[in-house]
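Notes to accompany the following structure.
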Amino acid sequence: MIGEDCLNPKQLEAARHVDGPLLILAGAGSGKTRVLTYRIAGLIADHGIPPFEILAVTFTNKAAEEMRLRVEDLAGQAGRYVTVATFHSFCVRVLRNEAELIGYPRSFTIFDESDQLAAVNRALRELNLSKDVYKPSAVLNMISDAKNELLTPAEFAAKDAWQKSIGGIYAKYQQLLTDNGSMDFDDLIMQTVRLFSERPEVLAKYQERYRYIMVDEYQDTNHAQYMLVKLLADKYRNIAVVGDDDQSIYTWRGADPTNILEFEGDYPDAKVIKLEQNYRSSANILEAASGVIANNRGRKKKTLWTDKDKGSKVLLYNAESEREEASFVVKEIERLVVAEGRKLSQFAVLYRMNSQSRSVEEVLLKDGIPYRVIGGLKFYERREVKDVLAYLRFIVNPHDSVALSRILNVPKRGIGDTTEEKVMAISQERGCSMWDAARQFGSTEKNAERSQRLVGAFVRMADSLISSKGSLKLGDMIEKILEDTGYYKSLKEDDSLEAEARLDNLRELVSVAREYEARQNMAAKAMDEGIESGSVLRDGNTRPDPKDIDPFLEEVALLTDLDRTNFAEDSVCLMTLHSAKGLEFPVVFMVGMEENVFPLSRSLYEPKQLEEERRLCYVGMTRAKEKLYLISAAYRLLYGTPSSNLMSRFVNEVPKDVLECLNPGGAPMWRTPGRDYASGRWSRPENAGQGARQGGEGGYSEPRRQGYPKGAGNSQGFAGSNGGREGFRAGDKVSHPVFGTGTVVNVAKTAGDTVVTVAFEGQGVKRLALSFAPLSRK
DNA sequence: CGCGCCGGCCTTTTT
DNA sequence: GGCCGGCGCG
Ligand SMILES: Nc1ncnc2c1ncn2[C@@H]1O[C@H](COP(=O)(O)OP(=O)(O)OP(=O)(O)O)[C@@H](O)[C@H]1O
């Protein structure tokens, strides 16, 4: 039997469960994903279930790929025929076959965030609404929330007055998308649910096809995804979900952990299995993480134990600045490589925000250590790359008006806003696409001669691009675009450093296209030999061709940085805590362990959000197998302004006996005695005593570095507390004649002043300019 | 009518 | 540190 020697009795019990609903609710590192993998293999090898009847949904494409490979290892070739996908890639697969039934072309395009923003902006313009009142990104979030809740514009508008106006934008936005033959990310799920709800015969087909359904990371599913699973599993009820409510870190995008908590309510006959042994982390790390998460209220308490050694304690380092924080991390990596013979791929640096990668990157670069940054400004989001992708999309579907309006004047060809507006007006008047409107532009009177000429030239150029579709391999097509549109020329004429970087990126894009051609060729060959391609995204119906453009665009839309990362490469990994979910590393550095950074300032006063931050901390800590470092900086640039913050409350929640401070008294914040967080208590008696050294400027163990602001000693609040108006620091109790008493949460120096952020009791958080505000220390 | 420059504004996490 | 809007010039 599969798994007998590799699973503990509980895990085995779960893996051997065949028919009926199954819930595995268990803590980090307890082998949930492993059980799912073994279960799939067992269903195939031990129970003779046809692999193509199995659907496994994972959180990332990378996880899907890994799971499929593991299943192949365990169950052999048959493993290839299991469908392992993310919700999004699974839905794309379904919709590529069925979209026409719900009024979309099967070749619908997938909007990314910038396309979405463009569409919202256009909707606002057409409705004559102001961007200042309706902030496009906020509107987009609300539309996304609505879609995750499966609410149509009409349903959404039915709520209240404010929603009514947003509902109008949502309706317009949706109209633009459908007219364009496009879906956004949320549509992929919502439209699939709609398809299954409106077309019972289609649903039945997929229910028959996928009789065994498994969902990993179920705590982070949203309502739409929940409904999708519910519909698919409704007939055979062979639904297995695994997850951990303590690792729910995506509620901000609609994920709802009650999906997992109420699974037993949905399926009263569900078999429920709890896994309690952690196989990943050393005992000290596990105890530290458990100590932190224990501070959340209303969670399902879980036991988690390990038979591993205690290992090293969780190591805390208090840097003075962001720069020193980065130097410490890199020095420590270098030290461990030598002292313990570790490889670079064993290290991960985790942070709350993508912007935090910069400082670490700079030092890694300086020391010549190979590294990879996952996430952040992605290659495919760079302007020049997006421009080329828009050309490709336009070539695939000239009636994609969002793509057209992006490329109409790129590179600059004298077709400005006014002319674009005119083209758009024609398309609205005649109810045609912008491409049709552009073609007719010449025959429309009243247009200036100049713009007629320019639009005419564009149309001819675009026509020639379209006509070479199908005869050029993707890489050649991109080269042609860059030549014919004058994109290359315009960049080569500009000899700035930036243009040089753009050219590099475009060359990179061409080589990515060449790799794609090679993959298409291989997949075609495999298909001829009757072998499933094994790719997460392929539908297995059409013969892949290096000249195809759509599959490339789909890859770009659905694959994230993480999915493209080759973890076998020997380099240090830098990523956000969110991206690290589900991964594991022997050595983990968590940087930016400060209030206002982690937990992030905007979640400090919102208990729900604060708990999500804490779960994120739990996720981060439990990624570490052997060594975990928590690092903070007493001073850093935050959103461009210098700030000094208190030590993260999460550090103080780590049980003291498993925490070791590497530089006791190393940075001022550590020695802040008796200060409390807005919500309450913290005191570290063993450190309070060191406060004695804090008053004097000379107390620093190291001389100030360049990155340090002049005069920081006073204005930043590092100097002694003499009760004066200068030197407020985070944590200070202050009073204000109007707002009453409060606690300083942040001190930031701006151009000519110091801005103090204070949480006033019962008054909320205020930002005050120190030079004006009559603040006094309490 | 188009384009480039400057100054002010906001700044989370991602399939 | 990046994006958008306003303004002035060609
Ligand atoms: N029975 C076992 N014997 C040996 N190793 C195991 C066993 N079960 C799990 N592991 C190992 O423990 C680690 C964590 O497993 P897995 O990723 O499946 O846990 P998880 O519960 O999905 O974790 P998380 O929720 O934190 O992402 C993996 O390295 C896995 O190989």
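A quick note: this is a predicted structure, and the numbers were derived from the prediction, not measured. So that the names make sense, note that chain A is the first sequence line, chain B the second, and so on, each numbered from 1.
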### Task
Could you tell me the separation between the CG atom of Leu140(A) and the P atom of dT12(B), rounded to a whole number of Å?
14 Å
### Query
Arg358(A): what forms a salt bridge (charged side-chain N to carboxylate O under 4.0 Å, His left out) with it, not counting sequence neighbours?
none
### Query
With the threshold set at 4.0 Å, does a side-chain nitrogen-carboxylate oxygen contact exist between Arg615(A) and Glu612(A)?
yes
### Query
In terms of side-chain heavy atoms of Asn354(A), which of dT13(B), dT15(B), dT12(B) is nearest?
dT13(B)
### Query
Under the 5.5 Å and 30° test, is Phe185(A) stacked on the base of dT15(B)?
yes
### Query
Of the candidate nucleotides dT12(B), dT15(B), dT14(B), which contains the atom at the shortest distance from the side chain of Ser579(A)?
dT14(B)
### Message
Output one letter per nucleotide in nucleotides 3-10 of chain C: B when a protein non-hydrogen atom lies under 4.0 Å from the base, S when only the sugar-phosphate is that close, - when neither is.
### Response
--S-----
### Message
Nearest to the side chain of Lys412(A), heavy atoms from C-beta on, is which of dC3(B), dT12(B), dT15(B)?
### Response
dC3(B)
### Query
Please give, in whole Å, the distance from dG1(C) C1' to Glu361(A) CD?
14 Å
### Message
Run the ring-ring contact (aromatic ring centres under 6.0 Å, His included) test on Phe458(A) and Phe441(A) for me, step by step, so that the C-alpha distance in whole Å, both residues' side-chain angles and the decisive distance to 0.1 Å come before the verdict.
### Response
CA-CA 11 Å; Phe458(A) 170 79; Phe441(A) 193 77; over 10 Å; no
### Query
To the nearest Å, how far apart are Met353(A) CE and dC10(B) C1'?
13 Å
### Task
Scan Ser603(A) against the nucleic acid and name what it touches under 4.0 Å (heavy atoms): base, sugar-phosphate only, or nothing.
nothing
### Query
Is Lys581(A) touching bases, backbone alone, or none of the nucleic acid, heavy atoms closer than 4.0 Å?
nothing
### Task
Taking Glu613(A) for its side chain and Phe598(A) for its backbone only, find out whether a donor-acceptor pair lies under 3.5 Å.
no
### Query
Nearest-Å distance, CD1 (Ile110(A)) to C1' (dT14(B))?
15 Å
### Task
For Phe87(A), report the nucleic acid contact type (base, sugar-phosphate, nothing); a contact means any heavy atom under 4.0 Å.
nothing
#### Entry: Under 4.0 angstrom between Lys135(A) side-chain N/O and dT11(B) OP1 or OP2
yes
### Spacing between Gln225(A) atom CD and dT14(B) atom P, to the nearest angstrom
16 Å
### Query
Taking the side chain of Thr418(A) as heavy atoms from C-beta outward, which of dG2(B), dT15(B), dC3(B) is closest to it?
dG2(B)
### Query
Nearest to the side chain of Arg352(A) - dT13(B), dG2(B), dT15(B)?
dT13(B)
### Query
Taking CZ from Arg253(A) and P from dT13(B), how many angstroms apart are they, rounded to a whole number?
13 Å
### Closest listed nucleotide, where the reference is the side chain of Asn409(A) and the choices are dT15(B), dC3(B), dT11(B)
dC3(B)
### Task
Would you please confirm or rule out a distance under 4.0 Å between OP1 or OP2 of dT11(B) and any side-chain N or O of Ser355(A)?
no
### Summary
Of Trp252(A) and Thr419(A), the one whose nearest nucleotide on DNA chain B sits closer to the 5' end is Thr419(A)
### Pairing of Asp550(A) and Arg96(A) as salt bridge, 4.0 angstrom limit
no
### Task
Assign Asp186(A) to base, sugar-phosphate, or nothing according to its heavy-atom contacts below 4.0 angstrom with the strands shown.
nothing
#### Entry: Sugar-phosphate only, base, or nothing, as touched by Arg358(A) at under 4.0 Å among non-hydrogen atoms
sugar-phosphate
### For Lys147(A), salt bridge (charged side-chain N to carboxylate O under 4.0 Å, His left out) partners two or more places apart
Asp184(A), Asp187(A)
### Query
Does Tyr173(A) have Arg122(A) sitting over its ring (NZ/CZ under 6.0 Å from centre, angle to axis within 45°)?
no
### Message
Without decimals, in angstroms, what is the distance between Asn141(A) CG and dT11(B) P?
### Response
11 Å
### Summary
To the nearest angstrom, the CG-P distance between Asp145(A) and dT15(B) comes to 17 Å
### Query
If you measure from the Lys or Arg side-chain nitrogens to the Asp or Glu carboxylate oxygens, is any gap between Glu594(A) and Arg636(A) under 4.0 Å?
yes
